[in-house]
Structures are given as C-alpha cells and as structure tokens.
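Take a look at the structure below.
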Amino acid sequence: MNKKEVLDRFSHLEKQFEDLQKDFSLLKNDLVQLMEENHQLAHENHHLRQRLDDLTQEDSSNDEQTPSKSVGEGYDNLARIYEEGFHICHVYFGTPREEEDCMFCLKFFN
C-alpha cells in the first residue's frame, strides 16, 4: 500500500467518524427531548390523578350529606303531571294538554 492510499483511507475513516459523532449528537438531543416530555407527562398525570381522587372524595361526601330522597322522584312527579293533562316539555310547560300526546313531552320519557 502506498502512502496516498493510506492517507485516503485515514481521511475516509475520519469522515465516517465525524458523521457518526453528528448522528450520536442528534440522537442524544432527541433522547433529551423525549425524557423531558416524559417527565412533564408523568408530572401532569400525577396531578390529574390527585384531582380525580379529590373529586371522587367530594362526590362520595356529597352523596352522604344529601337527604335520602329517591332519584326518580322528580321524574315520577313529571309523569304524574303529564298524566293529569299538562305539558312537561320546555316548549309548553304547565299549559293544559289537549287529548293528543305532545311529541316534546314524550321525548322526555324516552
């Protein structure tokens, strides 16, 4: 092998090494960004879970404090009013119904 060939091979290897260093640098930057994003998402997830737990505890304490009225009591009252011949829909609420059914009122029951 002559000196020029050795020098050319060395220059080629040096160029490959520089390219490899650039690739490693870019890969490192991508890795840093992914790690930062992962940290932010984990932090946000932690806060959201705490908020969800707080809301769940508030709901359970509110359920314990509410009177023991039946959930369907309002629904039953509206059904009774409708059977008595009055509208329960938002369009004609409280006005007397004629003998035919009102499609707006019936939508409430569906």
Side-chain angles (χ1 to χ4, degrees):
M1 228 189 241
N2 67 25
K3 292 178 185 179
K4 180 164 179 22
E5 288 176 350
V6 171
L7 189 58
D8 287 342
R9 283 186 67 197
F10 187 78
S11 294
H12 180 70
L13 284 174
E14 184 179 34
K15 173 77 169 108
Q16 285 181 330
F17 182 71
E18 288 172 359
D19 291 343
L20 192 58
Q21 280 182 317
K22 287 179 187 176
D23 288 344
F24 271 115
S25 178
L26 291 173
L27 187 60
K28 180 183 173 186
N29 289 338
D30 290 345
L31 180 63
V32 167
Q33 283 181 321
L34 287 173
M35 290 175 67
E36 288 174 353
E37 183 180 354
N38 185 36
H39 177 73
Q40 288 173 339
L41 290 173
H43 188 68
E44 182 180 358
N45 191 20
H46 175 73
H47 285 293
L48 289 173
R49 287 184 190 275
Q50 279 184 330
R51 181 67 180 136
L52 181 62
D53 289 343
D54 293 345
L55 289 173
T56 304
Q57 289 174 359
E58 286 176 13
D59 285 347
S60 64
S61 66
N62 285 343
D63 290 344
E64 293 172 2
Q65 294 174 358
T66 56
S68 62
K69 287 188 177 181
S70 150
V71 174
E73 184 177 353
Y75 182 87
D76 292 340
N77 286 338
L78 288 174
R80 182 183 45 78
I81 292 170
Y82 183 78
E83 288 301 318
E84 290 176 0
F86 294 95
H87 284 278
I88 60 167
C89 63
H90 69 285
V91 179
Y92 303 108
F93 184 80
T95 59
R97 245 185 342 107
E98 299 187 10
E99 292 186 12
E100 55 195 49
D101 289 330
C102 170
M103 69 178 182
F104 297 113
C105 292
L106 291 178
K107 178 87 172 144
F108 172 78
F109 293 115
N110 291 337

Student check: side-chain heavy atoms of Thr56 and Leu52 closer than 4.5 Å: yes
The side chain to side chain contact (heavy atoms under 4.5 Å, CB included) partner of Cys105 among Val91, Ile88, Leu78 is Ile88
To the nearest 0.5 angstrom, please state how far the CG atom of Asp30 sits from the CE atom of Met35. 13.0 Å
Rounded to the nearest 0.5 Å, the CG atom of Asn45 sits from the CD atom of Gln50 at a distance of 10.5 Å
Would you check if there is a donor-acceptor pair between the side chains of His43 and His47 at a distance under 3.5 Å? yes
Are Arg80 and Asp76 within salt-bridge range, i.e. N to O under 4.0 Å? no
Cationic N near anionic O, under 4.0 Å, Glu5 to Arg9: no
Supply the atom-to-atom distance Leu41 CG to Glu37 CD, rounded to the nearest 0.5 angstrom. 5.5 Å
Non-hydrogen atoms of Phe104 and Cys89 that approach each other most closely: CB-CB, 3.4 Å
State, with a plain yes or no, whether a side-chain heavy atom of Leu20 is found less than 4.5 Å away from one of Gln16. no
For the residue pair His87 and Tyr92, does the interplanar ring angle fall in the parallel (under 30°), tilted (30 to 60°) or perpendicular (over 60°) class? tilted
Contact between Leu106 and Met103 at the side-chain level, heavy atoms closer than 4.5 Å - yes or no? no
Calculate, to the nearest 0.5 Å, the distance between atoms CZ and CD belonging to Arg97 and Glu84 respectively. 10.5 Å
Are there over 12 heavy-atom neighbours, none belonging to Glu98, within less than 6.0 Å of that residue's CD? no
What distance separates Glu14 CD from Asp19 CG, expressed to the nearest 0.5 Å? 11.0 Å
Look at Asp53 together with Arg49 and state whether they make a salt bridge at an N to O cut-off of under 4.0 Å. no
Separation of Asp101 CG from Tyr82 OH (nearest 0.5 Å): 3.5 Å
